[in-house]
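Please read the structure below before turning to the comments.
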Amino acid sequence: MRRYTLKETKETEKIFCNGCGKEIPVKDGMAREDFLSVEKRWGYFSEKDNEIHRFDLCEECYDRMISGFTIPAERENSEQS
(Lines give C-alpha, C1' and ligand atoms only; values in the text may rest on other atoms or scores of the structure.)
Protein backbone atom coordinates (compact mmCIF):
# COMPACT_ATOMS: atom_id res chain seq x y z
CA MET A 1 0.00 0.00 0.00
CA ARG A 2 1.20 3.51 -0.76
CA ARG A 3 0.27 6.81 0.80
CA TYR A 4 0.79 10.05 -1.03
CA THR A 5 0.95 13.62 0.11
CA LEU A 6 -0.07 16.31 -2.33
CA LYS A 7 2.44 19.17 -2.13
CA GLU A 8 1.89 22.46 -3.82
CA THR A 9 4.96 24.59 -4.39
CA LYS A 10 5.40 28.02 -5.87
CA GLU A 11 8.61 28.80 -7.70
CA THR A 12 9.48 32.24 -9.00
CA GLU A 13 9.52 32.17 -12.78
CA LYS A 14 10.02 35.85 -13.62
CA ILE A 15 10.50 39.12 -11.76
CA PHE A 16 9.98 42.53 -13.31
CA CYS A 17 10.90 45.92 -11.86
CA ASN A 18 7.70 47.90 -11.29
CA GLY A 19 9.65 51.12 -11.92
CA CYS A 20 11.23 50.57 -15.33
CA GLY A 21 9.91 47.16 -16.41
CA LYS A 22 13.37 45.56 -16.53
CA GLU A 23 13.38 41.78 -16.10
CA ILE A 24 15.39 40.59 -13.09
CA PRO A 25 17.22 37.39 -14.12
CA VAL A 26 15.87 34.24 -12.41
CA LYS A 27 17.45 30.79 -12.51
CA ASP A 28 16.14 27.72 -10.67
CA GLY A 29 13.58 29.90 -8.86
CA MET A 30 16.19 32.31 -7.47
CA ALA A 31 16.86 35.90 -8.51
CA ARG A 32 20.36 36.31 -9.95
CA GLU A 33 20.42 40.05 -9.33
CA ASP A 34 19.54 41.88 -6.14
CA PHE A 35 16.38 44.00 -5.97
CA LEU A 36 14.06 45.62 -3.44
CA SER A 37 10.80 43.82 -2.70
CA VAL A 38 8.13 45.70 -0.74
CA GLU A 39 4.88 44.46 0.77
CA LYS A 40 2.76 46.91 2.74
CA ARG A 41 -0.58 46.29 4.43
CA TRP A 42 -2.14 49.68 5.00
CA GLY A 43 -3.64 50.33 8.40
CA TYR A 44 -6.79 51.83 9.81
CA PHE A 45 -5.53 55.43 9.79
CA SER A 46 -4.83 55.52 6.05
CA GLU A 47 -6.98 56.07 2.98
CA LYS A 48 -6.11 52.48 1.93
CA ASP A 49 -7.44 50.70 5.02
CA ASN A 50 -6.42 47.02 4.93
CA GLU A 51 -5.22 47.10 1.29
CA ILE A 52 -2.00 45.21 0.53
CA HIS A 53 0.40 46.78 -1.96
CA ARG A 54 3.39 44.88 -3.37
CA PHE A 55 6.15 45.94 -5.75
CA ASP A 56 9.72 45.14 -6.78
CA LEU A 57 12.39 47.64 -7.80
CA CYS A 58 15.71 46.97 -9.52
CA GLU A 59 18.76 48.57 -7.93
CA GLU A 60 18.82 51.43 -10.45
CA CYS A 61 15.18 52.38 -9.74
CA TYR A 62 15.80 52.09 -6.00
CA ASP A 63 18.78 54.47 -6.31
CA ARG A 64 16.67 56.89 -8.35
CA MET A 65 13.85 56.75 -5.78
CA ILE A 66 16.02 57.41 -2.73
CA SER A 67 17.97 60.18 -4.49
CA GLY A 68 14.78 62.27 -4.23
CA PHE A 69 14.44 61.86 -0.45
CA THR A 70 14.66 65.08 1.59
CA ILE A 71 16.10 63.05 4.48
CA PRO A 72 18.58 60.50 3.10
CA ALA A 73 18.06 56.79 3.73
CA GLU A 74 20.22 55.46 6.55
CA ARG A 75 23.15 53.39 5.34
CA GLU A 76 25.15 50.84 7.24
CA ASN A 77 27.88 48.47 6.09
CA SER A 78 27.67 45.11 7.80
CA GLU A 79 30.86 43.18 8.32
CA GLN A 80 30.63 39.59 7.19
CA SER A 81 32.88 37.05 8.88
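These numbers were taken from a predicted model, which means no experiment stands behind them.
Between Thr12 and Val26, the shortest heavy-atom distance links the atoms O-CG1, 3.5 Å. The heavy-atom pair separating Cys58 from Cys17 by the smallest distance is N-SG, 3.3 Å. The two residues Gly29 and Glu11 have their closest heavy-atom pair at CA-CG, 3.5 Å.
Hydrophobic cluster of Phe69: the remaining members, joined at side-chain heavy-atom separations below 4.5 Å, are Leu36, Val38, Phe55, Leu57, Tyr62, Met65, Ile66, listed by chain and number.
Within 6.0 Å of the CD atom in Glu13, the count of heavy atoms belonging to other residues, nucleotides or ligands does not exceed 12. Around atom CD of Glu59, no more than 12 heavy atoms belonging to other residues, nucleotides or ligands sit under 6.0 Å away. Within 6.0 Å of CG in Asp34 there are 12 or fewer heavy atoms belonging to other residues, nucleotides or ligands.
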Could you pull out all donor-acceptor pairs under 3.5 Å where a side-chain atom in residues 44-53 meets a protein atom, sequence neighbours excluded?
{"residue": "Ser46", "atom": "OG", "partner": "Gly43", "partner atom": "O", "Å": "3.0"}
{"residue": "Ser46", "atom": "OG", "partner": "Lys48", "partner atom": "N", "Å": "3.0"}
{"residue": "Ser46", "atom": "OG", "partner": "Asp49", "partner atom": "N", "Å": "3.4"}
{"residue": "Asn50", "atom": "OD1", "partner": "Arg41", "partner atom": "NH1", "Å": "3.0"}
{"residue": "Glu51", "atom": "OE1", "partner": "His53", "partner atom": "NE2", "Å": "2.8"}

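Side chain of Arg32 to main chain of Lys27: a donor-acceptor pair is present (N/O by atom type, distance under 3.5 Å, no hydrogens or angles).
Atom CZ of Arg64 sits about 6.5 Å away from atom SG of Cys20, to the nearest 0.5 Å.
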